Amino acid sequence: MSKPHLELSAIGMEFPTQTGSFCALDNVNLKIAQGEFISLIGHSGCGKSTVLNIVAGLYQASTGAALLDNREVNEPGPERAVVFQNHSLLPWLTAYQNVELAVNQVFTRTMSKTEKKDWIEHNLALVHMTHAVHKRPGELSGGMKQRVGIARALAMQPQVLLMDEPFGALDALTRAHLQDSLMEIQAQLGNTVIMITHDVDEAVLLSDRIVMMTNGPAATVGEILNVDLERPRSRLALADDPIYNRYRSEVLRFLYEKQKKVADITEAKLATVTTKSKRDVA
Amino acid sequence: MTSQAKLNTFSRLKVPLPTLNLAFALALFLPMLGISLFLLLWSATAPRIDTSLGAFPGPGQVFDQAKTLIAEHQQERAKEVGFYQRQSDRNAARLVTDPGYDAKVRPYTGKPTFIDQIGTSLVTVIAGFVLASAIAIPLGIFMGLSQRLNQSLNPIVQILKPVSPLAWLPLVTMVVSAVYVSDDPYFQKSFITSLITVSLCSLWPTLLNTAVGVANIEPDLLNVSKVLRLSTWTHIRKIVLPASIPMMFTGLRLSMGTAWMVLIAAEMLAQNPGLGKFVWDEFQNGSSNSLARIIVAVLTIGFVGYCLDRIMLLIQHRVNWDKNSQVR
């Protein structure tokens, strides 16, 4: 990896609180190649979302920076599309219109009207939502909403796709469906993906590398696990695969032995972050 | 349902239909009962209250006066038609004898009837409400968007909000007389005065609710807007406006209610033709029918206010994307 596509360089993040500043991240370093699928995993409150928000440009790192193709990221933009945990579709627009908003914004001049229409429909087809194009989010199930959220992000043709626990709010079956869809799409498009997850199976199944984060405060990258499993991956075949299970237990060991959550740390931290919104520490 | 027959037998045996009918009957019967009790109580107490204008009118007298008011309106209309008829006849006759005659059409100047007054009041309240909304919605959006603007304007808003229309009226009257000077005014001064008073008093609920609605847009939706790099104008149009519509309409409905209440008071004092002036005139008139006529006006004011609220509710229901939200 001589020239990383996306580089997190010595990122630190401090949030001001009433009792002084709270150091959420300290010296986070990571190099990501083009087309790589990275999972960020760690306990709640370890700053995974903060990392993602810095890459998205929604937060400014206190120290260090995120570099995309050697250029510093300092504002949000469609080349780093975000799939939010709770879909965040605009409830007054249909699935089509939600994607359209993104397409109109990103391809204002580069696409004709019919090209835009085809592109919107293509992206909705990619996430298997052709049947409900003209429904509003209120009429869609949780999984379908998240599909549209992914279609909206993909339609921006991002260089990096950032996913903040995209399947966290879904039931297990729907989640499995969407994971399969995501693998399919990624195989097809070859996007660079950073995904936050709490789910060990999800991390091993989808990722090329799993970045395990230490507990906060001053969280940083603990270990990085290379997942060397051949693609396309099938969850059924892998269920009994010894290598797969070894990866799985390695992540589990990191989370539950090395980074076991200590109760008093949690409480102390909770006390310092109560003034902040939940998203800051998620 | 897999078995239609089964469903039918069941539905014949213990259908919720009787209970449904009962609920329907109750929904019809209870309001009637309430109204009847009210009328009964009214007719029982009214004759016992002796005023300087005779006994307080009961429902019967009020009903009679309502009929009289409508009859007066029809008479007035007939007179007006007659007036224009006579005028055009006269002009035509004169033109025959004197072809060079420049025929003038003079407007009818009869006194406005009760129905005319309702019309005037409606026009005034709607104009005042539209003016108030035109100020309150944009200002509310900007106050919601900018914490700083909100901080700077909030004290003024909070202090001006509880001011009674009666306190505004003298000021507005003086300012309108001083500023609105024209030889051939398109609007009457009294109309402008009531309109401004109505706006001043009714814009606050819309302003505050819009500001709160805009300030409380889900942070995720704002992040979507940031990621898409929407321009400020697109951001307002595509995200802020639709997201704050439910709160905005809550404010608009409150404003409409306030506007109607304020209008009656303003008309009384500003002598703007309208229901308020009607009430005031009847009060000054002091005939034996005055009280009954005032009660007709009171009931009309209430009914029109109710209708205005229903219309707002209807529009709210149309415009609101969140069909599940509780709208009352």
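The model shown is predicted, which means the values in this text are computed figures rather than measured ones. Values below: every heavy atom of this structure, side chains too, minus hydrogens, waters and symmetry copies. Sequence lines set the chain letters: A, B, ... in the order given, protein chains first and strands last, and positions in each chain run from 1.
Closest heavy-atom contact between A:Trp92 and B:Leu221: CH2-CD1, 4.1 Å. Here the closest heavy-atom approach between residue B:Asp220 and residue A:Ser88 is recorded as CB-CB, 3.5 Å.
Of the atoms belonging to A:Ala56, not a single heavy atom falls under 4.5 Å from chain B. No part of A:Ala153 comes within reach of chain B, as not one of its non-hydrogen atoms sits under 4.5 angstrom from that chain. Neither the backbone nor the side chain of A:Leu93 comes within less than 4.5 Å of any heavy atom of chain B. Contact annotation for B:Ile245: neither backbone nor side-chain heavy atoms come within less than 4.5 Å of a heavy atom of chain A.
We find that A:Glu100 and B:Lys238 are not joined by a salt bridge, their nearest charged nitrogen and carboxylate oxygen being 4.0 Å or further apart.
Atom CE of A:Met111 has more than 12 heavy atoms from other residues, nucleotides or ligands within 6.0 Å. Annotation: A:Phe107, atom CZ; neighbour count of heavy atoms from other residues, nucleotides and ligands within 6.0 Å is above 12.
Atom CD of A:Gln105 sits about 8.5 Å away from atom OG of B:Ser225, to the nearest 0.5 Å. Taking CG from A:Leu101 and CG from B:Leu230, the interatomic distance works out to 5.5 Å, rounded to the nearest 0.5 Å.
A donor-acceptor pair under 3.5 Å links the side-chain atoms of B:Arg229 to the main chain of A:Pro76, judged by distance alone.
Taking the side chain as every heavy atom from C-beta outward, A:Val82 and B:Asn223 never approach each other to under 4.5 Å. The shortest side-chain heavy-atom distance between A:Glu75 and B:Lys226 does not fall under the 4.5 Å cut-off. Here the side chains of A:Arg152 and B:Val224 are in contact, with some heavy-atom distance below 4.5 Å. Considering only heavy atoms from C-beta on, A:Arg80 stays 4.5 Å or farther from B:Val227 through its side chain.
Heavy-atom pairs under 4.5 Å with chain B peak, among A:Gly77, A:Ala81, A:Pro91, at A:Gly77.
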